[in-house]
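Note that the structure is a prediction, hence the values are computed from the model and not measured. Indexing begins at 1, ligand by ligand and atom by atom, following the structure's order.
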Amino acid sequence: MSQTLPPDTAVPSEGGYDAYAVQQKWQARWAEADPFRAGGAEDSRPRKYVLGMFPYPSGDLHMGHAENYAYVDVVARFWRHRGYNVLNPIGWDSFGLPAENAAIQRGAEPREWTYANIEQHKKSFREYGSSYDWSRILHTSDPEYYRWNQWLFQRLYERGLAYRKDSPVNWCPNDQTVLANEQVVDGHCERCGAEVVKKKLTQWYFKITDYADRLLDDLNQLEGFWPQKVIRMQRNWIGRSVGADIEFEIEGRDERVTVFSTRPDTLHGATFFVVAPDGDLAAELAAGSSAEVRARFQDYLAGVQRETDIERQSSDRPKTGVFLERYAVNPVNGERLPIWAADYVLADYGHGAVMAVPAHDQRDLDFARAFDLPVKVVVDTTAPITGAIPVIELDEHGVPIDPGADETSLRDLDPATTGIALTGEGRMINSGALDGLSKRNAIARMIEQLEAAGTGRAAKSYRLRDWLISRQRFWGTPIPMVHTEDGRIVPVPDDQLPLTLPDAKGLDLTPKGTSPLGGAEEWMSTVDPETGAPARRDPDTMDTFVDSSWYFLRFFAPNDQTEAFPTREADKWAPVASYIGGVEHAILHLLYARFITKVLFDMGLIEFTEPFSSLINQGMVLLGGSKMSKSKGNLVEFASSMVDPGADAVRTAIAFAGPVEDDINWEDVSTTGAQKFLARAWRVAKDVASEPDVIWAEGDPALRRVTHRLLADAPGLVEQTKFNVVVARLMELVNATRKAIDTGAGPADPAVREAAEATAMILDLFAPHTAEEMWEILGYDGFVGLATWRNADPTLLVEESVTAVVQIDGKVRATLEVPARIDAAELERIARSDARVLRSLGDREIVRAIVRAPKVVSFSTR
Ligand code: ANZ
C-alpha cells in the first residue's frame, strides 16, 4: 500500500498553500537531521518521558491511532517547547494472536506479515509528522527483546512468583487458547467474541495476588493524576473484601471446610451451606451421597458448566441447586446445616463455599425462598446503634426535637415474608454472647471467639486472580523451562537465552488446542541443563501482556544485550511522566505493568513503584455511531488522509474536535475547516513585512495583548489537556493578526511579526509541518519544534480598564477605575465600600441599587 502520489496527481491546495508539498519537505528535513532524539548525559535540561501506548501492527494505522498519536505528539512537543529534554520513543507490540490468525488466513509466516506491517506503520508515523526518537525503536517479537521476557520469567520463578498449576481456565473454543480473566468480556473472548468455556489445564501463572494490597493501596498515589474512572476500575478489579475465614465440620468427612464471609457477625443466622457445583468439594460430597443425588448432581453440573460467571451471579434469574443430602455443623452452636450445590456460589472465589445467612444476604434469601429453607434473623435493624454518629435535630430555640419511637417493628420487616434481606446496620439478637452489639463490634467479637476456639480467623478475599500467562500459540515468547524425564521442571539458564522460536515453515499453526511448538520435534527435544539427560521444552508461549508489562523500561537502551534495561537511565527518566492511550487498557495492561514495576522495585532494579505518573485516556473515534474498525468496515483510510487533507489538517481537526477524553464523531470532524485555518496561518507568515530584529515593544498594543494572553494561557491549557481550546485560541490569534495586516497596524508592524512567530511556535503542537514552514518564512534557520516558547509580558496581561460612575439619588458622587470585564455584583461591592461614596451617604441607608456593569452604579437612599 503506497502512500506517495504519482507525480502528475493534482493535490488540492487551499488558498495557494500546498500542504502536501510542505509536509514532504519537512519530513525529509526531519529524517535527515533527526531533531527529536532525546538528549544524553551532556544535556542539562530537566527530563520528561512522554509515551504513547505502543501499537499492535495489524494492518496499517487507522483514525483511532491518528487520534492517540496526535495527542502524544502534542504532549511531547509541548515539553520540548517548555525547555525539557524529552524522551518520546516508539515501538511495536508485535507478538500475538491477530498476527498469527492473519498469517494463517493468508498462508504467510507470522514473522513476515508482522514485520511488513511494522514497516508500513513506521512509514505512516513519519508521514504523520510524529516527533519520535527514531534511534530507540523496539519490537517485542525480536529475540533481542523477548530474551528479556524470558529473563524476567526466570526472576519471577526464583522468587516464587511464577508457578504451574492445574485448574479450570477460560478457554476460547475459536482461538483454541486459554484466556486470562481480563480477556473475557461478558463471558466472551475479548478478541474474537466467541463464548468462553471452562477447561481444566496445567498452566503457568504469575502470582499477582501477592501484590494485591500494594496494587490497591498505591492507587492513592495516582489520585488526581489518572482518570478517576480508571482508578475505580482498578480498585473494583482487585476487589478487596475484609471479613473472616470460618471452618465448618462436615458430617462424615475428616477435614473441615473453610468459608470466607464478610459478615462473621451473622454466623448464628446461618441456616444452610452452599458449595460451588463445579468445585472439587461438591463432587466429593456428592460421591458420598445416594445414587439418586449423584445423578441429580451430575445433571445439574453439566448445565452449570455451560453458564458464564455473569449469568451465575445475576440476581434476576431464579435460583437453582441440588441438595446433596450432607450436613455441615455450625461451629458456634452445633446446628446442622443442609449442604446444597448451587451455581450462585463460584468455585474460584473465596473458598468456593459459603455459609448461607438468608435473613441478611439477598442471594441466600432468594435461594431459601425458592427451596423453602429456614430464615433466622440475627440483626435487629430497627434498633438504634450506639457508636454511629447520632443526628439530633434542634428546634428554633436550640432544644433537641424528640424523634419519638420508631414505629416500624422487626416483625413487619421479616425477610421470609417481604423477600428483602436485612442488610443494614442494627443490633445483634439471637446470637448468644453477641446480643446487643453493633455490627462492627459483633464482627470483631466473633473473630475473637473463632480464633479462641481454633475455628476461624480474620481474613481478606480478593476478586483478583493470579495471572495466567501461558498460551497455546506459536507467535509469542517461548517459556524458558525444560521438563525432564523424571518430572522435574528446570529453568533454562540465563546464558542460554534467548530461547528463540523455531522456523514457522513446516509447522501447522492452525489452532488445535495444543501449542504448535509441540510439533517442532527438533526444537522440542533438548537436554536437562542440570544433568544433560534428554528433556523436553515447554511448548507454550507467554501472553503478550508480559511483553508490554515492562517495555517502557526497555526504551532506555533498546539495543543493549547485557541487561533488560540500565538502572542508571531508569533513575534519570522514569517513571513515565505522561502515558497516553485508550481506556480499553484501563485494567489489564495497566495492572500488569504496575505489578511488574513493583516486582522490579523489590528486586532493587528501579527506585519507583508506579510506572506511569500521569495517564491520559483519549475517547474513541466513531463513524456512523460505532467505533471505527476494520471489522465494521467503517474505516477512514489513514494512508490517503495523509495526502488529502494531509497530516496537519487531520491532527488539527482531531485536536479541535472536542475534549481529549470525549468520543469523536468523525462526521463532526472538519478537516476542511482545519485546512482553511492552516492556510490562513501560513498566509499571515507570508504577509509579515518586517525582519526578525524588530523591537516588539514598538508593536500595536491591541494585537500584542492577544498574542501575550495566548502565550500566558497556552501552557496551562496544554497541561490540563484542553487541546481544543488551544486550537480555538490560535484561530482567534490568526484572525486578529489578519485584521491587523489588512485594516490595522499593517504588515510591517512588529506586533504582526510577533503574533505570527507565536502562532508558529504554538501551532507546532498540532500542525508541525505548517509551523516549520512558517518559521522558515519568518526568517529562522533552526526547527521551530525545538524552539522554547516565549514568556508572556505581564504588563500586556493587565486587563483593560474602564471608568464607572457611582450615583447617589441621581447625583454623580464618585468615579471608579474597574476592569472592563467586571461583573455587576463585584462592581456594586466596590461602589458600596468606596470612601467617597460612604462619605456622601452619611447615615442615609441605601434602599435600592441599580447596576449596569461595567459603567454605572446608581443608589437610592431613604
Ligand atoms: C455470610 C454472609 C452473610 C455473607 C451476610 C454476606 C452477607 P464480597 O463482598 O463480594 O467479597 N461468598 C463467599 N464466597 C463466595 C463464592 N465463592 N461465591 C459466591 N459468594 C461467595 O462477598 C463476600 C460474601 O459473598 C461472603 O460473605 C459470602 O457470603 C459470599 F449477611 O457470608 B457472606
What atoms in ligand 1 come closer than 4.0 Å to a heavy atom of Y344? 18 (N), 19 (C)
Provide, to 0.1 Å, the distance between atom 6 (C) of ligand 1 and the closest protein heavy atom, together with that atom's residue and name. D361 OD2, 3.2 Å
Using a 4.0 Å cut-off to any heavy atom of H360, which atoms of ligand 1 qualify? 5 (C), 7 (C), 31 (F)
For atom 23 (C) of ligand 1, what's the nearest protein heavy atom and its distance? T262 CG2, 3.7 Å
Give yes if a backbone or side-chain nitrogen or oxygen of T266 is under 3.5 Å from a nitrogen or oxygen of ligand 1, and no if not. no
Residue part near ligand 1, for Q313, under 4.0 Å between non-hydrogen atoms: neither
Need the ligand 1 atom indices (1-based, order shown) with element for anything under 4.0 Å from a heavy-atom of S241. 8 (P), 9 (O), 11 (O)
Would you say the side-chain atoms of T209 and D466 include a donor-acceptor pair closer than 3.5 Å? yes
Considering only protein heavy atoms, which is closest to atom 25 (O) of ligand 1, and at what distance to one decimal place? R363 NH2, 3.3 Å
Would you mind checking which non-hydrogen protein atom is closest to atom 32 (O) of ligand 1, with the distance to 0.1 Å? S261 OG, 2.7 Å
Proximity to ligand 1 by part of R463, non-hydrogen separation under 4.0 Å: side chain
Above 12 or not: heavy atoms from other molecules or residues under 6.0 Å from CG of D663? yes
Count the heavy atoms of every other residue, nucleotide or ligand shown that sit under 6.0 Å from CD of E223, and state whether that count exceeds 12. yes
Side chain, backbone, both or neither: the part of V354 lying under 4.0 Å from ligand 1 by heavy atom: side chain
For the residue pair Y163 and Y205, categorise the inter-ring angle as parallel (less than 30°), tilted (30 to 60°) or perpendicular (more than 60°). parallel
Going by atom types alone, do Y344 and D366 pair a side-chain donor with an acceptor below 3.5 Å? no
So, are R463 and D348 salt-bridged, with charged N and O less than 4.0 Å apart? no
Starting from atom 26 (C) of ligand 1, what is the nearest protein heavy atom, named by residue and atom, and what distance separates them? F260 O, 3.6 Å
Write out the residue and atom name of the closest protein heavy atom to atom 22 (O) of ligand 1, then the distance separating them to 0.1 Å. Y349 CE2, 4.2 Å
For the aromatic rings, using the six-membered ring if either is Trp, is the centroid distance between F552 and Y579 under 6.0 Å? no
Considering residues at least two apart in sequence or located in another chain, which fulfil the side-chain hydrogen bond (donor to acceptor under 3.5 Å, both in side chains) criterion with W204? D538
Between E307 and Q313, do the side chains contain a donor N or O and an acceptor N or O under 3.5 Å apart? no
Answer yes or no: does an N/O atom from R263 fall short of 3.5 Å to an N/O atom of ligand 1? no
For R457, is there an ion pair with E448 - N to carboxylate O distance below 4.0 angstrom? no
If you measure from atom 18 (N) of ligand 1 to every heavy atom of D343, L267, L346, I246, which option wins on shortest distance? L346
